[in-house]
Participant: 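I have a structure here, written as structure tokens, and I will follow up with some questions on it.
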Amino acid sequence: MGKALPSRAEDYSLWYNELVRKADLAEHSSVRGCMVIKPYGFSIWEKMQAQLDKMFKDTGHTNAYFPLFIPKSYLSKEADHVEGFAKECAVVTHYRLKNDPGGGGVVVDDDAKLEEELIVRPTSETVIWNSYKNWIQSYRDLPLLINQWANVVRWEMRTRLFLRTAEFLWQEGHTAHATKQEAIDETKQMLQVYTDFVQNYMALPVIQGVKTESERFAGAEDTYCIEALMQDGKALQAGTSHFLGQNFAKAFDVKFATKEGGLDHVWGTSWGVSTRLMGALIMAHSDDDGLVLPPFLAPIQVVIVPIFKNDEQLSQIQEKVDTIKTQLQAQNISVKFDHRDTHKPGWKFAEYELKGVPLRIAIGPKDLENGTLEIARRDTKEKKIYSFEEAIDQIPGLLDEIQKNIYQKAETFRAENTSEVDGYEEFKQVLDDKGGFIWAHWDGSAATEEKIKEETKATIRCMPLEFGEPGQCMVTGNPSKGRVLFAKAY
RNA sequence: CGGGGUGUAGCGCAGCCCGGUUAGCGCACCUGGUUUGGGACCAGGGGGUCGCAGGUUCGAAUCCUGCCACCCCGACCA
């Protein structure tokens, strides 16, 4: 039982950390705040990447790559942008090391000081807009629809595997448009792409909305987001899409000749999701036995565990498994046959549950006699006996069902943990008792938002894209345009 | 950067208060055998600068001083 997890109820964050480590997703590196993404974890990320990349391309975007280093001066061109990121930037000051004359190994060569320091990108708006200046002359060059897959560095004070690391992997889309409306449409389109991805592939329901001014991306006019609810009742921002207005175009002097013969600044957007989605995936579905992966993103969708006493039995099983495997693979299902004799079946059962494999087939001598096999579902833990033919037939449907079921489960959980409150005392009460999402009225002022945050630790996760009924702020009693979404957040 | 805590085998820990031969336990690892339908068992084995530096002492994982690293709680954040 060396691998048993702590339970979620006992200690949620210990459960999360142990799960990440024991399921072989990632581990801490020797550099503070940075993680090593292990092969199993990375293969899940690769599946997410592949799907997102396809969706970006289907909506007309192309990939490019911009440098890791940003000249310090670039960062100061957009005032809000510096303000937002300055406190968490890694800075390169030298370009050479030398042997320590005192014998202490290698030291920084003071003679190799850079004229202008380089910032390790915390996000790439500035380098990218600096290029866009040269790429855009006319309305004929627009829209410019570019995405990049990259790593970025934000020197966070406190980190957690996947949820907040000093270095993380992400994609960042950066687009330029001739009109304001087109840029807004793009911003919303990408929000919808993220929503579709998270809901349909990650099996995680989200709420779409707009950030308040205080939560807005540094340099944006509007920040759209999707918010998901985790099993401990805390919210996680799963993706953001920013309408940048003409802020970066003005900062980097990106103008274009309009159709009408004028000269205007372009309108911009940027949007991103990161390896943080891995954290969301893990926290949203997993249980005390380990990961539960949606079939669409599981590196192994079906694992076959043979039960055998000797080589002869194994080779008989092997023969049967080969045909099953071929037939499943023909339907684009990823199958692993774990015939290692170094681990017992029970050990393997537990191991693949820990790793979240959606379906497990067990097949032994009894089955060969009867022409059957056993299929166990990871999401419900149900086990059922099927004939070989039935099994081949049913497995695609079962995978489908699991995908739907875990979405359904997450949605039910969210429904049970979403409240609507009117009074501030009630608000505090609900927050303490059960947490989760809370819809409440707010007067729209930063001061009230700040007061609520200070007193309760809850923040406005987002304002809905379309407000419901107007009302009165739960704190000040002043008029409210409609309920906004509160929660404690990661 | 403020408050608290921890550094002992790959991982998790005991030993420290009250100094005493060879630093111990569980998991993992290696070898052999028996096992194999829900995390097997027996026997044997390998692996340690006790975070670093200095000090006290006949003797330091243990006491003292300094330093370093990491974790938790705050402030900050995708």
Side-chain angles (χ1 to χ4, degrees), chain A residues 1-6 11 13-14 17-18 21-22 24 27-34 83-89 122-123 151-172 194 211 214-218 220 223 225-228 235-242 270-280 289-290 305-311 313-314 317 338-355 360-370 372-374 376 381 383 385 453-454 457 459 461 489-490:
Chain A
M1 295 294 265
K3 286 208 162 186
L5 285 174
D11 186 337
S13 78
L14 184 65
N17 282 323
E18 289 288 284
R21 221 168 49 77
K22 287 181 168 158
D24 251 345
E27 62 189 19
H28 283 109
S29 75
S30 46
V31 182
R32 191 200 73 95
C34 295
E83 180 74 18
F85 288 104
K87 285 170 289 184
E88 49 187 40
C89 284
T123 179
N151 57 340
V152 288
V153 169
R154 296 181 189 175
W155 214 264
E156 300 288 352
M157 303 304 264
R158 295 185 55 196
T159 59
R160 290 189 73 191
L161 291 171
F162 289 119
L163 296 174
R164 179 168 296 108
T165 46
E167 179 194 15
F168 57 93
L169 305 184
W170 77 346
Q171 61 65 218
E172 44 182 327
Y194 289 153
K211 289 289 184 192
S214 69
E215 301 268 335
R216 192 178 290 161
F217 174 75
T223 287
C225 63
I226 49 176
E227 295 285 330
L236 185 86
Q237 180 176 303
T240 46
S241 184
H242 314 292
S270 69
W271 27 273
V273 295
S274 69
T275 35
R276 176 177 241 206
L277 285 181
M278 290 284 293
D289 293 321
V305 177
I307 292 146
F308 59 100
K309 289 194 168 52
N310 50 48
D311 285 351
Q313 281 184 352
L314 178 59
I317 293 167
D338 186 353
H339 58 270
R340 288 177 296 174
D341 60 359
T342 48
H343 296 282
K344 292 178 56 176
W347 188 91
K348 292 176 187 172
F349 293 171
E351 179 69 10
Y352 291 109
E353 270 162 20
L354 187 57
K355 293 199 161 180
R360 180 187 74 233
I361 294 177
I363 175 163
K366 286 183 228 162
D367 294 305
L368 287 184
E369 268 175 45
N370 303 331
T372 58
L373 47 74
E374 180 194 80
K381 304 270 170 60
K383 289 192 251 187
I385 306 289
K453 184 177 175 182
E454 246 168 50
K457 305 224 153 105
T459 49
R461 299 320 303 152
Y490 273 98

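A, B, ... follow the sequence lines: proteins, then strands. Residue 1 opens every chain. Just so you know, these numbers use all the heavy atoms, side chains as well, and skip hydrogens, waters and symmetry mates. As the structure is a prediction and not an experimental result, all values here were calculated from the model.
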Participant: List for me each residue that meets side-chain hydrogen bond (donor to acceptor under 3.5 Å, both in side chains) alongside A:S13, sequence neighbours excluded, and say none if there are none.
Facilitator: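 side-chain hydrogen bond (donor to acceptor under 3.5 Å, both in side chains) list for A:S13, sorted by chain: empty.
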Participant: Can you tell me which nucleotide in B:G38, B:G37, B:C77 comes closest to the side chain of A:K344?
Facilitator: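 Between B:G38, B:G37, B:C77, the one nearest the side chain of A:K344 would be B:G37.
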Participant: Can you say whether the rings of A:W170 and A:F168 are parallel (under 30°), tilted (30 to 60°) or perpendicular (over 60°)?
Facilitator: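 Judged by the thresholds at 30° and 60°, the geometry between A:W170 and A:F168 is perpendicular.
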Participant: Return the nearest nucleotide to the side chain of A:R164; candidates are B:C77, B:G38, B:G39.
Facilitator: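 Minimum distance to the A:R164 side chain belongs to B:C77.
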Participant: Of the listed nucleotides (B:C76, B:G37, B:G38), which one gets closest to any side-chain atom of A:E156?
Facilitator: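 Among the listed nucleotides, the one closest to the side chain of A:E156 is B:C76.
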Participant: Do A:E374 side-chain and B:G37 base share a donor-acceptor contact under 3.5 Å?
Facilitator: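 No.
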Participant: Please evaluate the base of B:G37 for a donor-acceptor partner in the side chain of A:K309 within a cut-off of under 3.5 Å?
Facilitator: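 In this structure, the two groups form no donor-acceptor pair.
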Participant: Among B:C77, B:G39, B:G37, which is the nearest nucleotide to the side chain of A:E351?
Facilitator: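 Output: B:G39.
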Participant: A:R216 vs A:S214, test: side-chain hydrogen bond (donor to acceptor under 3.5 Å, both in side chains). Steps then yes/no.
Facilitator: CA-CA 6 Å; A:R216 192 178 290 161; A:S214 69; over 6 Å; no
Participant: Whole-Å distance between B:C70 P and A:R160 CZ?
Facilitator: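 Going from CZ in A:R160 over to P in B:C70 covers 18 Å.
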Participant: Specify the separation, in whole Å, of atom CG of A:L368 and atom C1' of B:G37.
Facilitator: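 Those two atoms, CG and C1', are 13 Å apart.
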Participant: Which one, B:C76, B:G74, B:G37, comes nearest to the side chain of A:K457?
Facilitator: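 Selected nucleotide: B:G74.
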Participant: Just to verify, what does A:T165 make a side-chain hydrogen bond (donor to acceptor under 3.5 Å, both in side chains) with, not counting sequence neighbours?
Facilitator: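 For A:T165 there are no side-chain hydrogen bond (donor to acceptor under 3.5 Å, both in side chains) partners, ignoring immediate neighbours.
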Participant: To the nearest angstrom, how far is A:E18 atom CD from B:G12 atom P?
Facilitator: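 Atom-to-atom, A:E18 to B:G12, this comes out as 8 Å.
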Participant: Could I get the full list of side-chain hydrogen bond (donor to acceptor under 3.5 Å, both in side chains) partners for A:T159, not counting sequence neighbours?
Facilitator: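 In terms of side-chain hydrogen bond (donor to acceptor under 3.5 Å, both in side chains), with neighbours along the sequence ignored, A:T159 is linked to no residue.
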Participant: Does A:K383 have any side chain to side chain contact (heavy atoms under 4.5 Å, CB included) partners at least two apart in sequence or in another chain, and if so, which?
Facilitator: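 Testing A:K383 for side chain to side chain contact (heavy atoms under 4.5 Å, CB included), a comparison that skips the adjacent residues, returns A:R360, A:E374, A:A376.
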Participant: Rounded to whole angstrom units, what separation is found between the NZ atom of A:K22 and the P atom of B:G10?
Facilitator: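 After rounding, the gap between these two atoms is 18 Å.
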Participant: What's the NE2-P distance between A:H343 and B:U36, to the nearest Å?
Facilitator: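 Value for this atom pair: 18 Å.
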Participant: Identify the stems formed by RNA chain B, where each pair is Watson-Crick or G-U wobble with both distances under 3.5 angstrom and a stem is at least 3 consecutive pairs.
Facilitator: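 Result, WC/G-U stems under 3.5 Å: B:1-7 with B:68-74, B:10-13 with B:24-27, B:29-34 with B:40-45, B:51-55 with B:63-67.
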Participant: Can you identify which nucleotide, out of B:C76, B:C11, B:A40, has its nearest atom closest to the A:R21 side chain?
Facilitator: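 The closest nucleotide is B:C11.
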Participant: Select one nucleotide: of B:G38, B:G37, B:G39, the one nearest the side-chain heavy atoms of A:K366.
Facilitator: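 The listed nucleotide nearest to A:K366's side chain is B:G37.
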Participant: Using the test side-chain hydrogen bond (donor to acceptor under 3.5 Å, both in side chains), find all partners of A:S241 that sit at least two apart in sequence or belong to another chain.
Facilitator: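 Result, side-chain hydrogen bond (donor to acceptor under 3.5 Å, both in side chains) vs A:S241: none returned.
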Participant: Taking atom P in both B:C17 and B:U65, compute the distance separating them and give it to the nearest angstrom.
Facilitator: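 So the two P atoms sit 15 Å from each other.
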Participant: Looking across every strand, which nucleic acid part, if any, lies under 4.0 Å from A:R340 by heavy atom: base, sugar-phosphate, or nothing?
Facilitator: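 No contact at all - A:R340 keeps every heavy atom at 4.0 Å or more from the nucleic acid.
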Participant: Whole angstrom is fine here: how far is it from CD in A:E353 over to P in B:G38?
Facilitator: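 About 12 Å, once rounded to whole Å.
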Participant: Look at all strands and tell whether A:T165 reaches a base, only sugar-phosphate, or nothing, counting heavy atoms closer than 4.0 Å.
Facilitator: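 If one applies the 4.0 Å heavy-atom cut-off, A:T165 turns out to touch a base.
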